[in-house]
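Have a look at the structure below, then the notes.
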Amino acid sequence: MINIFILIAGCSNLILAILVFAKNRNSQNNISFSILSFILALWAFAFIPYNFPFVFDSVVWIKVIYFLVIWMVGAIYYFSYAFPDNQRPPGLGLIIYVLLNIPVAVLLIFTNYFVVDVLHTIDGPETKLGFVYPFISAVWAVYAFMSFFQMVRKYRRSVGRFKLQLRYMLIGLGLFSFGAIILDGLFPIVFHTSAYFSLSAALPFFFIALTGYSIIKHRLMDLRLALQELIVFVLVTLVVSSIFLSSALVYWRLTDTQIKTGVIGIIIIISTVATLIFERVYRYAKFFAGRYLFQSIYDYQETLKSLSTSLSTYLQIDKLVDIIIDTLIRTMKLHRVAVLVRDFSNDHYKIQKTVGFNEENGISMVRDNFLTLYLEQNPKIIVLEEIGKLIEDSQNLTEKERLKQLYDHMEHIEAALIIPIVNSGRMISLIVLGHKISGDSYTVQDIDLLITVASQASIALENSRLYREVSDLNQDLHIKVNEATTQLQAKNVDLEKANENLKSLDKMKDQLIAVASHELRTPASNVQNYLWMVLTRPKPTTVLDPEDKESLQKSLTGIRNLIKLIADILDVSKIEGGKMEVKLQAVGYEEVVRSAVDELMPRAQKKGLSLNYIPAPNSLSKAMADPTKLKEVLTNLITNAIKYTEHGGIIVSTVQKEDEVVFSVKDTGRGIASENIPKLFQKFYREDNSLSASNPETGGTGLGLYITKSIIELMHGKIRVESILNQGSIFYFSLPTVNAAAITASPSRKVHKGVFTAGSSGKKKILLIEDEYEMRTFYSELLSGKYEVDTAIDGIDGIAKLRLKTYDLVLLDIMMPKLNGVGFLEEQQKDPALAKIPVILLTNFNEEETLKRCFELGAKSMIIKSDVLPDQIISVIEKEF
Ligand code: ADP
């Protein structure tokens, strides 16, 4: 019976030693605990051959036992200093211990002054101890006492979790030492009997049981997960050893051999080792299978691909956060996730959404700003179980203390990970994750995935923040305008001043929209440009497999959708602010229809659809319209028709009536349910909300028809639709006609969509003036194959370069530091030698007044960076040279 106890205590100690060591090989806490546990295990095991001698006789085994005691007392001493704050024992104490124990070891191994003999009695072996034993045990007792004292001192000083952990370990070690002193000291010395020696081998059981309890209750050394593994391990070992044992028993019975207890012990040890090895082999096999046969628990690439497409689809923060949380819960299998977002107006973090966490708990993490400041300086994922390491690495005492508090806090709310989301060096958001439902730890693969998710989330959240800021400011301005108006009405004083105030506010709003559009479009065009570059002009060293190519293609479509969304939102903002300008003039509308149809032809053909234009036989008058806007309307309707049609084709026609022209776009597509027709022209309405995440080709914003209707109405027209489900739709819109002879068309300048009108001398020297590094490098790389491209970083640099060399063309950004586009043009006009060099604006900036000024100053035309694909720019410039 006692042997079974010894065996269990030994095995548990051995396993605990291995687990604790594996958990953290660098921590003094873990190392010292493992050493102690390991020696306790060996010590307990040695009692088995002492009781049932094999290979050597009991005298040798008792000497082994005492030899291990030398190490055990040393290990307890070491541990009592190291735990829990990694403090080393005093060097002098250790030296004295080693010096004192060298003669002990010599006496023990080579003489019989320590162990005289072992007598075999009916009750088991009994050791006769020599005369030096009392002195030696006194030395050990002194060291045991010092260790105990040390732990009590630490216990008194410590607070919180460590105190509770220390309490249980102290009781465990105390019971163990107390038992050992009685059984191995008092009994043999005072009563001259060592018959109870074997009992002491079961004593580590106390130590193990209480440590185990502490692990469950207070997560000692973060071993809760390890303990779960341990339980599984013990169960497996029991199953394995019982299989071996039953086979051995059957064998002994069949062969009529006597049962050999030593063999049983060996079987148990072998089973333990076999289980350990099996576990390792299994883990490696799983790792290799996951890595090389692509059978990981979740598909890393797939998750990222779908996340990035979904994130690029939305600008609303709620939606983005929903997507992030949903992806994390699904892939990592979690109960709890919280996303906190920084409010830059007051620098507070607010819970954007939480699943599973108590809201108050989430907020309390960022109540004082230690966590956020810490993360800003160390923008890395914080893993609960690794905070101990952070504490060790930290040089700063307050930081150490605060990290400890953070640890307790995370533990309290059951958070396992904190992911900082950083953009341009500023923290914009925090994601807090709970433990996995399975109880498994986060793997390296998980952390890698989370890092990538964080960087994707960072871009999406920042875009969303900019967008939100703009709309908030917009709203503030509305309020201010209203206030100013009320002021004006109420006081009726200083009419002129108030009016000016209003005007300047209005101007601010326009600038704001223009700046925001620039801020949002620039990063988007950067991404678009590089994707395009990789896809169409990869470097010779770039190897893209079809799958990579497909994902890049999807990302390109996604980013173009995003750019379209930004443009749409700006249009909506203009419409709602009454800022959408239409320049009505007599338009030969057939020409406009033809050009829209021609441009969309490749898209229809790609889908196998026909696209035809049938003009009215009697079209004589012209329509009263803005040609650019008319084309935009037609493009929208035809694009929708192509998008929502799978078979057949699209027919565009125009019918001239007395005082109006009716345009129609007819398709043979999926049609629209009659109950949905009234909602069609509402903002953000989409018939089914299948989003571009699943199919970028049919994705959209739900803004197209709203904008279309608004533009038509601005041109004094009307729009309606007829549709039969699954048969097709016809969108009609009418515009008033004009007497062409009566009105002379005002010349309209050519803007947009890469239309290039600069006169060219046929030479090929281009100066690109652009402040942003990425844009500058990109465009100069793009163009330098064909032309001689020089770059300048702002207006001043641009003027200086123009004076040094003759250029045929200047590509000019508008928003630049020092001297902006307008300033550059002003300077250029002052110098007759430079004035004649044609300038094309290459920008994302579209504030009406600034642009007007640029054209007044001689700019020939304008290319909106995000509206054209880079190859269109080249083809436009190519035509010119
Ligand atoms: P988007 O196409 O970006 O979603 P729109 O405002 O252009 O936004 O269209 C709104 C909705 O009207 C679409 O989501 C679609 O359900 C429906 N719709 C528009 N045009 C057609 C069409 N030709 N055939 C069928 N449904 C259409």
Side-chain angles (χ1 to χ4, degrees), residues 309-310 312-316 319 557-576 580 593 596-597 600-601 603-604 606-613 629-653 662-714 717-733 867:
T309 327
S310 323
S312 64
T313 313
Y314 294 102
L315 268 177
Q316 303 97 314
K319 276 273 178 204
T557 318
I559 201 79
R560 290 206 58 75
N561 283 347
L562 181 67
I563 291 172
K564 170 89 171 70
L565 172 70
I566 299 171
D568 281 356
I569 287 176
L570 287 166
D571 270 351
V572 170
S573 155
K574 276 191 199 162
I575 289 168
E576 302 203 327
M580 177 66 90
V593 179
V597 167
L600 291 167
M601 191 63 85
R603 209 153 154 179
K606 199 172 157 204
K607 261 187 109 174
L609 301 172
S610 62
L611 173 58
N612 294 302
Y613 173 41
K629 295 277 188 285
L630 173 59
K631 189 164 167 194
E632 198 176 324
V633 165
L634 284 160
T635 307
N636 250 339
L637 293 176
I638 303 171
T639 310
N640 273 353
I642 298 175
K643 206 155 69 167
Y644 301 110
T645 302
E646 293 309 319
H647 309 283
I650 292 108
I651 297 172
V652 184
S653 55
V662 179
F663 300 76
S664 64
V665 178
K666 177 172 182 289
D667 66 56
T668 52
R670 67 179 199 193
I672 301 153
S674 56
E675 68 270 19
N676 292 336
I677 288 184
K679 301 180 216 153
L680 221 51
F681 299 101
Q682 289 169 5
K683 239 186 306 176
F684 295 112
Y685 175 74
R686 308 202 66 229
E687 214 181 0
D688 64 359
N689 264 320
S690 63
L691 280 161
S692 43
S694 54
N695 182 359
E697 291 305 324
T698 57
T701 60
L703 290 173
L705 286 180
Y706 172 79
I707 296 171
T708 301
K709 180 169 184 269
S710 309
I711 295 177
I712 291 174
E713 285 171 357
L714 281 171
K718 283 197 187 91
I719 183 165
R720 70 189 171 86
V721 60
E722 283 170 12
S723 181
I724 301 174
L725 205 57
N726 299 325
Q727 289 193 18
S729 318
I730 314 180
F731 282 82
Y732 296 97
F733 69 93
D867 279 359

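Both ligands and their constituent atoms are indexed starting at 1 by order of listing. What you see is a predicted model; the values in this text were computed from it and never measured.
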Query raised in the report: Between the side chains of Thr645 and Thr668, does any donor sit under 3.5 Å from an acceptor?
Result: no
Requested in this report: Under 4.0 Å from a heavy atom of Arg670: give me the atoms of ligand 1 that qualify, with their elements.
Outcome: 15 (C), 16 (O)
Query raised in the report: Is the shortest heavy-atom distance from the side chain of Leu611 to the side chain of Val652 under 4.5 Å?
Result: yes
Query raised in the report: So which bit of Ile672 gets within less than 4.0 Å of ligand 1, heavy atoms only: side chain, backbone, both or neither?
Result: side chain
Query - Where ligand 1 meets Gly671 - atom numbers and elements under 4.0 angstrom, heavy-atom basis - result: 25 (C)
Query raised in the report: Any side-chain heavy atom of Asn636 sitting closer than 4.5 Å to one from Leu705?
Result: no
Query raised in the report: Backbone N or O of Lys643 within a donor-acceptor pair of the Lys607 side chain at under 3.5 Å?
Result: yes
Query raised in the report: Do Phe733 and Leu634 come within less than 4.5 Å of each other through their side chains, counting heavy atoms only?
Result: yes
Query raised in the report: Which ligand 1 atoms are under 4.0 Å away from a heavy-atom of Ser729?
Result: 24 (N)
Query raised in the report: Any donor and acceptor pair, going by atom type alone, linking the side chain of Ser664 with main-chain N or O of Phe731 inside 3.5 Å?
Result: no
Query raised in the report: Just distances here: any N/O of Leu680 and N/O of ligand 1 closer than 3.5 Å?
Result: no
Report task. Pick one of side chain, backbone, both or neither for how Asp667 approaches ligand 1, counting any non-hydrogen atom pair under 4.0 Å. Result -> side chain
Requested in this report: Between Tyr644, Tyr706, Phe681, flag the one that comes closest to atom 2 (O) of ligand 1 by a heavy atom.
Outcome: Tyr644
**Report entry** Option with minimal heavy-atom separation from atom 9 (O) of ligand 1, where the choices are Leu705, Asn676, Ile707, Ile730
**Finding:** Leu705
Report summary line: If we number the atoms of ligand 1 from 1 as shown, the ones under 4.0 Å from a heavy atom of Lys643 are 1 (P), 2 (O), 3 (O)
Report task. Evaluate the side-chain proximity of Tyr644 to Asp667: yes if any heavy-atom separation is below 4.5 Å, no if none is. Result -> no
